[in-house]
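Worksheet: the structure to be examined is printed underneath.
Below, chains carry the letters A, B, ... as their sequence lines are ordered, and counting in each starts from 1.
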There are 2 protein chains.
Amino acid sequence: MKKNDITIKDIAKIAGVSINTVSRALNNKPDINIKTKKKILEIAKELGYIKNITASSLRNKKTKTIGVLFKDITNPFFVEVLKGIEKATKENDYSLVLMDVENDFEIEKKSLKIMAEKRVDGILISPVRKGKNNFKKIINLNIPYVIIGDHFENIDADEIYANDVKGGYLATKHLIENGGKNIIFLSVKNHNFVSYSRFLGYKKAFEEFNLTINKKLIFEIDEDVNAAYKKTIEFIDEKISFDSMFCFNDILAYGVIKALRENNIKIPDDVMVIGYDDIIYSSIIDLTTIRIPKFEIGYRAFHILLDKINNKSKEISKIILDVELVKRKTT
Amino acid sequence: MKKNDITIKDIAKIAGVSINTVSRALNNKPDINIKTKKKILEIAKELGYIKNITASSLRNKKTKTIGVLFKDITNPFFVEVLKGIEKATKENDYSLVLMDVENDFEIEKKSLKIMAEKRVDGILISPVRKGKNNFKKIINLNIPYVIIGDHFENIDADEIYANDVKGGYLATKHLIENGGKNIIFLSVKNHNFVSYSRFLGYKKAFEEFNLTINKKLIFEIDEDVNAAYKKTIEFIDEKISFDSMFCFNDILAYGVIKALRENNIKIPDDVMVIGYDDIIYSSIIDLTTIRIPKFEIGYRAFHILLDKINNKSKEISKIILDVELVKRKTT
DNA sequence: TTGTAGGCGTTATCAC
DNA sequence: GTGATAACGCCTACAA
């Protein structure tokens, strides 16, 4: 007999007790004789009994697993967030089912359905954004969820995200204070709230210094190194006048730096570059950036979700985590 | 009534049929009147019925989910592999439970137990290595599994990994051909088979050119950027004579490059640097490296596992994927 | 073509 | 302290 075929029934038979006495022993319930318990535990161990969570989930209506839906599991930002989620999950005896939604509405919809079918206890999601906010339509399941790294207006959902207005402000202020006059804001498409917040911060800094924004220096590209690289080459070719660049994230900044270096533009002397996220490689290339507490976002997101699952909190949480400027050598 | 509380029983009642007629309709079985089927499907849709996979898994003894155990889910190599696994998983209507084993035997053991309890249909694992090979002891469950990115002697396990002997050879040969005389091999601890293979390749190249290896130029450090950075500083401080470095992976190479740059050592003029893996950032910093088909490793690993699960293949697969030199600007 | 009955492995309720 | 029984929701014989 295979080990994972052994059931409490088998143990009961050998121990000469009923199945629910076995259940009691295995689940540390009271109302059981210490000696029978010990005996049962021994038999279970000897037989190599492995509990069937599938069965207990059915009975308990709890799967002790959560679903995690990311737009792109390869994005270093999400990788770090995932690490935080995974850690918290493990610490609380939960498991996690991961799905890469590939920034695609249809896949997101389908994934959500699968999560519902699996009866996950809760969902952590970074919703797909394509211009419109279709998110609300999608989640009409009765599953607790919290949104990670984004904010939706008019939706009563739990959210945890970074203070991107502050981040945009700190970055821009830093550039201005270091002599930046023509500051390009290299933003991305499809990030309504996040990119808008960073833009607001950018604007705020300009206002604080009584400067006016040159809208011609604001660009939106795909969230991709090569797109940033190419765009920067364009700036150079078209002889756009700029002395600093605030990039939507570190990945874009990498592309920018590569393009500048290849054109012998000195960083930071000719052009200052600042990124966003502070992903792990940024310290190596000495990129100045805004640090987001990624691990913490994931870790806390799980705990917010857990409270929802256990009905400990009824009110909606909108958690906004602090960010900080990390000054390195590209500014 | 919540949508996920609706069962086939409810549908049966409304449709005025028995529950297994509903089951037949829902599962596209033959032997059902097309009209009753249509009616049932409509009712199911209207009620917002969501199948309970927990229940069907119990009945079918199939969970349609696999477990993925990685030493470190944050390592870019595994991130890419995971992407491949996730894609293949999704395409085959499977799901994936992810656990970060934190390079720790105890966590690995515990995680494996959880996977067994969840009755995953199969496991994809990059086993923890700490000097000894304790892996065999751990997997004595009756669950199909395939080992990713590693090879164990004397174990009849399915494995998929890269041709690291070739990779080590290509890297070293490239350095020698470009004038490398004193080639440091910066390897890591805890990677018995992989690091040993790369070493064998290194050795092979030396032999081919009738050179003798200087064992004083072989080092083992932790698999960590900062460790590589510090070690390189040591080389410089101790005035070790070297003109090139073959790094165990790209991450180490990043640390090395940083240290060299800070000490005004020109790359590749004074020192050539070559990495391994070709993770995504390496193209940006123009690191010469050995490319491993990471996505493919994950993607194919799933398919090997799937065949095991479906009993399509009884023999053991040892798949060794090809690698290639990617010449960029650090050599 | 459809229905009845039983069981997957666990846990909760209740009685003893 | 312990046991019998039912139930979680689904699927599969088998019978009708």
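Under the side-chain hydrogen bond (donor to acceptor under 3.5 Å, both in side chains) criterion, A/Asn27 pairs with A/Ser23, not counting sequence neighbours. Applying the side-chain hydrogen bond (donor to acceptor under 3.5 Å, both in side chains) criterion to B/Lys308, with sequence neighbours excluded, gives no partner residue. Every residue two or more places apart in sequence or in another chain was checked for a salt bridge (charged side-chain N to carboxylate O under 4.0 Å, His left out) with B/Arg24, and none qualifies. In this structure A/Phe295 satisfies the ring-ring contact (aromatic ring centres under 6.0 Å, His included) test together with A/Tyr299, sequence neighbours excluded. Remark: B/Glu86 pairs with B/Lys90 by the side-chain hydrogen bond (donor to acceptor under 3.5 Å, both in side chains) rule, at least two apart or across chains. Annotation: side-chain hydrogen bond (donor to acceptor under 3.5 Å, both in side chains) contacts of A/Lys318 (sequence neighbours excluded): A/Glu159.
Across C/dG3, D/dG3, C/dT2, the shortest atom-to-atom separation from the side chain of B/Ile32 is found for C/dT2.
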Per-nucleotide protein contact string for nucleotides 10-16 of chain D, where B marks a base within reach and S marks sugar-phosphate only (heavy atoms under 4.0 Å, - for neither): BBBB---
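With 3.5 Å as the limit, one finds no donor-acceptor pair spanning the side chains of A/Thr54 and A/Ser57.
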Got a list of side-chain donor-acceptor pairs under 3.5 Å for residues 34-45 of chain B, not counting sequence neighbours?
residue: B/Thr36; atom: OG1; partner: B/Asn33; partner atom: O; Å: 2.8
residue: B/Lys37; atom: NZ; partner: B/Asn28; partner atom: OD1; Å: 2.9
residue: B/Lys39; atom: NZ; partner: B/Ala15; partner atom: O; Å: 3.3

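One finds a side-chain N or O of B/Lys61 lying less than 4.0 angstrom from the OP1 or OP2 phosphate oxygen of C/dG9.
One interatomic measurement links the two molecules: CG of A/Asn28 to C1' of C/dT10, which rounds to 16 Å at whole-angstrom precision.
Contacts between residues 34-41 of chain B and DNA chain D, defined by a heavy-atom separation below 4.0 Å, involve no residue at all.
Using a 4.0 Å heavy-atom criterion, one finds that B/Asn33 contacts the sugar-phosphate atoms exclusively.
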